[in-house]
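Below: the structure, in structure tokens.
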Number of protein chains: 2
Amino acid sequence: MQNLDSIGTQIRKLREEAEMPLRKLAALLDIDQSTLSKIERDERRANTQMIEQIAKIFKTDKEKLLIAFYSDVVVYEIHQESSFSEILQVAEAKIEYQRTSKKQAK
Amino acid sequence: MQNLDSIGTQIRKLREEAEMPLRKLAALLDIDQSTLSKIERDERRANTQMIEQIAKIFKTDKEKLLIAFYSDVVVYEIHQESSFSEILQVAEAKIEYQRTSKKQAK
DNA sequence: TAAATTTGGACATTATTTGTCAAGAATAAA
DNA sequence: TTTATTCTTGACAAATAATGTCCAAATTTA
């Protein structure tokens with residue numbers, strides 16, 4: 001199954017497996033080390049450019065990281081809602097509908 | 001199946017079915033009419049308190065409106081991503097995991 | 001202990017969201 | 001068509017949230 005670790009945890013694991021200090025990864029990403037520390041502990045959000053750079057640095061699948069990243073975003077938005085399962089179903093149907101119809105569903 | 005109209009469209013339909021002018025609903029919700037106009041056309045976001053008030057005003061199912069609202073939020077966050085289906089799957093698994101485990105998944 | 005690494009918190013800066021207004025466009029009524 | 005009503009648009013300020021930066025404290029490693 002898919003990796004259910006948060007994007008922060010996945011980044012930290014990649015970094016630790018590579019035995020790279022946080023300070024160094026922060027430098028590569030051109031962000032403050034305290035910012036990266038917070039990202040790895042899910043106190044701040046990464047952005048997609050960072051995810052892409054991280055995938056390159058650790059030679060890992062960019063798409064998997066992006067899935068971890070966006071699923072965290074989705075969880076953050078709806079985790080408190082009891083009907084989360086219906087919400088996700090409807091969201092999927094909406095996206096599919098937008099994709100398949102020429103005209104944009106407004 | 002569920003209603004795939006955007007939350008804005010659903011609000012507008014409820015209001016028009018009740019033959020209530022936008023101006024009046026805006027007053028009931030205590031927001032500017034231009035703000036409501038934008039919400040109905042999905043240019044601005046409603047919030048959950050508005051949704052709840054609207055459900056009461058038009059005596060409709062609050063939960064269905066909330067599902068429309070949150071699914072729009074989710075669509076907005078991930079619609080540009082090709083792996084949206086996987087993202088939603090992982091998001092659901094994450095939420096279920098959080099719910100079933102005593103300890104919070106961090 | 002000393003060195004290196006990571007974390008926490010404060011703060012300024014920037015970006016995004018929200019509220020408000022007034023004028024213009026569209027629609028309906030007279 | 002004129003008038004009245006309703007709705008939309010854009011501009012702007014105010015409030016809120018996100019981001020970048022610094023530095024000292026805490027933690028971990030050697």
Side-chain angles (χ1 to χ4, degrees), chain A residues 5-54 57-58 65-66 68-80 104-106, chain B residues 5-54 57-58 65-66 68-80 104-106:
Chain A
D5 285 337
S6 71
I7 183 64
T9 298
Q10 292 194 38
I11 293 169
R12 171 149 297 183
K13 283 183 178 171
L14 285 169
R15 182 177 64 74
E16 288 179 342
E17 275 163 23
E19 295 184 56
M20 180 188 289
L22 187 152
R23 171 183 46 72
K24 175 146 183 237
L25 179 56
L28 289 172
L29 298 174
D30 195 27
I31 60 177
D32 194 275
Q33 62 174 12
S34 78
T35 300
L36 178 56
S37 169
K38 286 161 192 159
I39 288 171
E40 290 188 353
R41 284 168 301 112
D42 302 306
E43 283 185 16
R44 286 205 184 181
R45 264 201 201 176
N47 62 45
T48 53
Q49 299 91 290
M50 288 176 195
I51 303 296
E52 284 167 15
Q53 287 182 85
I54 288 167
I57 290 167
F58 298 120
L65 282 188
L66 286 172
F69 170 74
Y70 281 110
S71 61
D72 275 5
V73 171
V74 170
V75 169
Y76 177 80
E77 297 287 352
I78 66 167
H79 73 104
Q80 75 286 3
Q104 186 143 319
K106 188 58 194 305
Chain B
D5 285 337
S6 71
I7 183 64
T9 297
Q10 292 194 38
I11 292 169
R12 172 150 295 184
K13 283 183 178 171
L14 285 169
R15 181 175 66 74
E16 288 180 340
E17 276 162 22
E19 296 184 56
M20 179 187 289
L22 188 149
R23 173 183 43 73
K24 177 150 181 234
L25 179 57
L28 289 172
L29 298 175
D30 194 28
I31 61 177
D32 195 275
Q33 64 172 5
S34 77
T35 301
L36 179 55
S37 170
K38 285 162 192 161
I39 288 172
E40 289 188 351
R41 285 169 300 108
D42 303 308
E43 284 185 13
R44 285 202 185 185
R45 263 201 201 177
N47 61 46
T48 52
Q49 298 94 290
M50 291 176 193
I51 304 297
E52 284 167 15
Q53 287 182 86
I54 288 166
I57 290 166
F58 299 120
L65 283 188
L66 285 172
F69 170 75
Y70 281 110
S71 61
D72 275 6
V73 171
V74 170
V75 169
Y76 177 79
E77 296 289 353
I78 67 166
H79 74 105
Q80 75 285 4
Q104 189 143 316
K106 189 58 195 305

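Protein chains get the first letters and strands the later ones, always in sequence-line order, with residue 1 at the start of each.
Residue whose closest nucleotide on DNA chain C sits further toward the 5' end, between B/K38 and B/Q33: B/K38.
One can place CZ of A/R12 at 14 Å from P of D/dT27, the figure rounded to the nearest angstrom. The CG atom of B/L36 sits 14 Å away from the C1' atom of C/dT18 (whole-angstrom rounding). Spacing between atom CD of B/E16 and atom P of D/dT5 amounts to 20 Å, rounded to whole angstrom units. Atom pair B/D42:CG and D/dT8:P shows a separation of 12 Å (rounding to whole Å applied). To the nearest angstrom, P of D/dT9 lies 13 Å from CD of B/E40. Rounded to whole Å, the distance from NZ on A/K24 to P on C/dT6 is 12 Å. Following rounding to the nearest Å, B/Y76 (OH) and C/dT16 (P) show an atom-to-atom distance of 9 Å. As a whole-Å value, the separation of A/Q49 CD from D/dA18 P is 17 Å.
A donor-acceptor contact under 3.5 Å links the side chain of A/R44 to the base of D/dG20. Donor-acceptor pairing under 3.5 Å, judged by distance alone, is absent between the side chain of A/S34 and the base of D/dC23.
Here the side chain of B/D72 pairs no donor or acceptor atom with the backbone of B/S6 at under 3.5 angstrom. A donor-acceptor contact shorter than 3.5 Å links the side chain of A/D42 to the backbone of A/G8.
Closest to the A/S37 side chain, of the nucleotides D/dC7, C/dG8, C/dT7, is C/dT7. Among the nucleotides C/dT20, D/dT21, C/dT5, the one closest to the side chain of A/T35 is D/dT21.
Considering only side-chain N and O atoms, A/R41 lies under 4.0 angstrom from the phosphate OP1 or OP2 of C/dT7. Between A/R45 and the phosphate of D/dA18, there is no side-chain N or O to OP1/OP2 separation shorter than 4.0 Å.
A distance of 11.0 Å separates CZ of A/F58 from CD of A/Q53, quoted to the nearest 0.5 Å. Going from atom CD1 of B/I11 over to atom CE of B/M50 covers 8.5 Å, rounded to the nearest 0.5 Å.
Listed by first and then second residue, the side chain to side chain donor-acceptor pair (under 3.5 Å) pairs that reach into residues 13-29 of chain B are B/D5-B/K13, B/R15-B/E40, sequence neighbours excluded.
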